[in-house]
Amino acid sequence: MYWGSVGEFLAMGGYGLYVWTSFIVTALCMVWEVLALWRRRAAAVAESRGIL
Amino acid sequence: MSFNWSKFSAPLAFYPVAGKMIPWFSVAAALTIAAGLYVGLLIAPTDFQQGDSYRIIFVHVPAAWMSMFLYVVMAVWAGVGMGLNARLSFMMAQAIAPTGAMFTFLALLTGAMWGKPTWGAWWVWDARLTSELILLFQYAGVMLLRTSIDDMRRADRASGVCALVGVVNIPIIYYSVQWWNTLHQGASVSMTAAPKMATLMLVAMLLMTFGFWMYSIAVVLGRVRCVILERENLLAWNKPSPAPEVAEAQS
């Protein structure tokens, strides 16, 4: 473990804002993409059922 | 007995195969990204020049690599689709574009987050940044061209040509840091030279890259399944749906 404390870890040597924004926005985009895909799949499955 | 691979070029035959592959790639993505985050954020030491701002590299470089790699894969599928007149190839190209565009956006955004503390500017019109921004517009163009043409076959071809022509920008992005004087730093990893970074940093970056790669495959396979359901006109051909829950209701 490189960090001495949780506060140190969150501060990222003073670059916390930049580092955490990068990681959090990346994570949000990827999670959002997966959720959007689930919704699209549900709609596509419903559609192919409606075609019946 | 030989195994007939070509049968999987039929979208409805590929649909269940893609579904079987998704969990494996998802698990591989989750494990390697978790390991990459652990090594990159908790174990790797700070950089002596850039301090802890360098840790942005663990999302920036994988996102940027995927943005270029996915573009090439998308163009290859479009090219195969045009050469063989294969529907599934165009569907793959269609499924890759949104994920590629997302990683291009993330590469630009995390780049801005890194540029501000290290260069003092969120954005500069430097060759690397400008060519990557053009890549985002190319993805947008490929996707918009598809949605703007109603005839699916023409839409496939038009966006395919657009994707293929745009491949010329990929080497420009990649070599921009050598061809021009850029504010952007040179390549972190090269096939021919020893890595310019500490082992732990390199390990974290490669883990994250592998994770993003597996994630992309899982998401693209998931999206191509949606595209197959949306595009194959199942009723007109009186075919059963490849989605098991629908097929059950139909039988």
Side-chain angles (χ1 to χ4, degrees), chain A, chain B residues 26 29 33 37 40-47 50-60 62-63 98-99 102-103 105-107 109-118 200 212 215 218-219 222-223 225-236 240-243 245-247 249-250:
Chain A
M1 187 69 66
Y2 175 76
W3 308 97
S5 69
V6 176
E8 226 176 85
F9 172 62
L10 292 177
M12 280 286 155
Y15 296 109
L17 175 70
Y18 304 106
V19 173
W20 293 121
T21 306
S22 299
F23 278 82
I24 289 168
V25 174
T26 304
L28 286 178
C29 279
M30 289 162 86
V31 168
W32 168 81
E33 188 182 25
V34 171
L35 292 178
L37 213 49
W38 261 341
R39 280 204 306 274
R40 182 172 174 176
R41 173 163 168 75
V45 167
E47 178 86 357
S48 69
R49 186 177 277 158
I51 282 171
L52 260 176
Chain B
S26 304
I33 290 174
L37 288 174
L41 291 177
L42 294 176
I43 307 275
T46 192
D47 185 74
Q50 301 193 9
D52 288 306
S53 69
Y54 96 91
R55 291 181 201 275
I56 294 170
I57 203 173
F58 301 130
V59 281
H60 178 70
T99 303
M102 185 191 81
F103 278 125
F105 164 75
L106 286 174
L109 183 113
T110 55
M113 288 297 143
W114 201 356
K116 186 63 182 169
T118 40
L200 275 175
F212 277 29
Y215 165 88
V219 167
R223 189 175 292 112
R225 270 159 64 93
C226 296
V227 171
I228 290 170
L229 281 181
E230 290 159 4
R231 283 181 58 168
E232 291 293 275
N233 199 339
L234 302 164
L235 178 72
S241 170
E245 57 268 48
V246 183
Q250 280 172 333

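In what follows, every heavy atom counts, from backbone to side chain, and hydrogens, waters and symmetry copies are set aside.
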Student: Can you name the closest pair of heavy atoms from A/Ser22 and B/Val59 and give their distance?
Tutor: CB-CG2, 4.1 Å
Student: Indicate the atoms forming the closest heavy-atom contact of A/Leu37 with B/Val219, along with that distance.
Tutor: CD2-O, 3.3 Å
Student: What part of B/Ile33 gets closer than 4.5 Å to chain A, counting heavy atoms only: side chain, backbone, both or neither?
Tutor: side chain
Student: Measure the OH-CG distance between A/Tyr2 and B/Leu41 for me, rounded to the nearest 0.5 Å.
Tutor: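 These two atoms lie 12.5 Å from each other.
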Student: Considering heavy atoms only, which positions within residues 3-12 of chain A lie below 4.5 Å of chain B?
Tutor: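 Near chain B, by residue number: A/Trp3, A/Phe9, A/Met12.
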Student: Treating A/Tyr15 as the side-chain partner and B/Ile56 as the backbone partner, does any N or O pair qualify as donor plus acceptor under 3.5 Å?
Tutor: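 Checking the backbone N and O of B/Ile56 against the side chain of A/Tyr15, no donor-acceptor pair under 3.5 Å is found.
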Student: Are any of the side-chain heavy atoms of B/His60 and A/Thr26 separated by less than 4.5 Å?
Tutor: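 Counting from C-beta outward, B/His60 and A/Thr26 never come under 4.5 Å.
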Student: In terms of heavy-atom proximity below 4.5 Å to chain A, should B/Ala112 be classed as side chain, backbone, both, or neither?
Tutor: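 No part of B/Ala112 comes within 4.5 Å of chain A.
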Student: Give the minimum heavy-atom separation between B/Cys226 and A/Arg40, together with the two atoms involved.
Tutor: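 Here B/Cys226 and A/Arg40 meet closest at CB-NE, 3.8 Å.
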Student: If I measure from the heavy atoms of chain B, does A/Trp20 come under 4.5 Å with its side chain, its backbone, both, or neither?
Tutor: side chain
Student: Quick check on the interface: out of B/Ile43, B/Thr46, B/Val227, who has the most heavy-atom pairs with chain A under 4.5 Å?
Tutor: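 Most heavy-atom pairs under 4.5 Å with chain A: B/Thr46.
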Student: Can you name the residues that form a salt bridge (Lys or Arg N to Asp or Glu O under 4.0 Å) with B/Arg225, not counting sequence neighbours?
Tutor: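 Partners of B/Arg225 by the salt bridge (Lys or Arg N to Asp or Glu O under 4.0 Å) criterion come out as none, since no residue qualifies.
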Student: In terms of heavy-atom proximity below 4.5 Å to chain A, should B/Leu109 be classed as side chain, backbone, both, or neither?
Tutor: side chain
Student: Within a strict 4.5 Å, meaning less than it, do heavy atoms of the B/Met113 and A/Val25 side chains meet?
Tutor: no
Student: In terms of heavy-atom proximity below 4.5 Å to chain A, should B/Tyr215 be classed as side chain, backbone, both, or neither?
Tutor: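 Only the side chain of B/Tyr215 comes within 4.5 Å of chain A.
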Student: Please name the pair of heavy atoms, one in A/Glu33 and one in B/Pro98, separated by the smallest distance, quoted to 0.1 Å.
Tutor: OE2-C, 4.4 Å
Student: With chain A as the partner, which of B/Tyr54, B/Phe103, B/Trp114, B/Phe212 has the greatest number of non-hydrogen pairs under 4.5 Å?
Tutor: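 Heavy-atom pair counts peak at B/Phe212.
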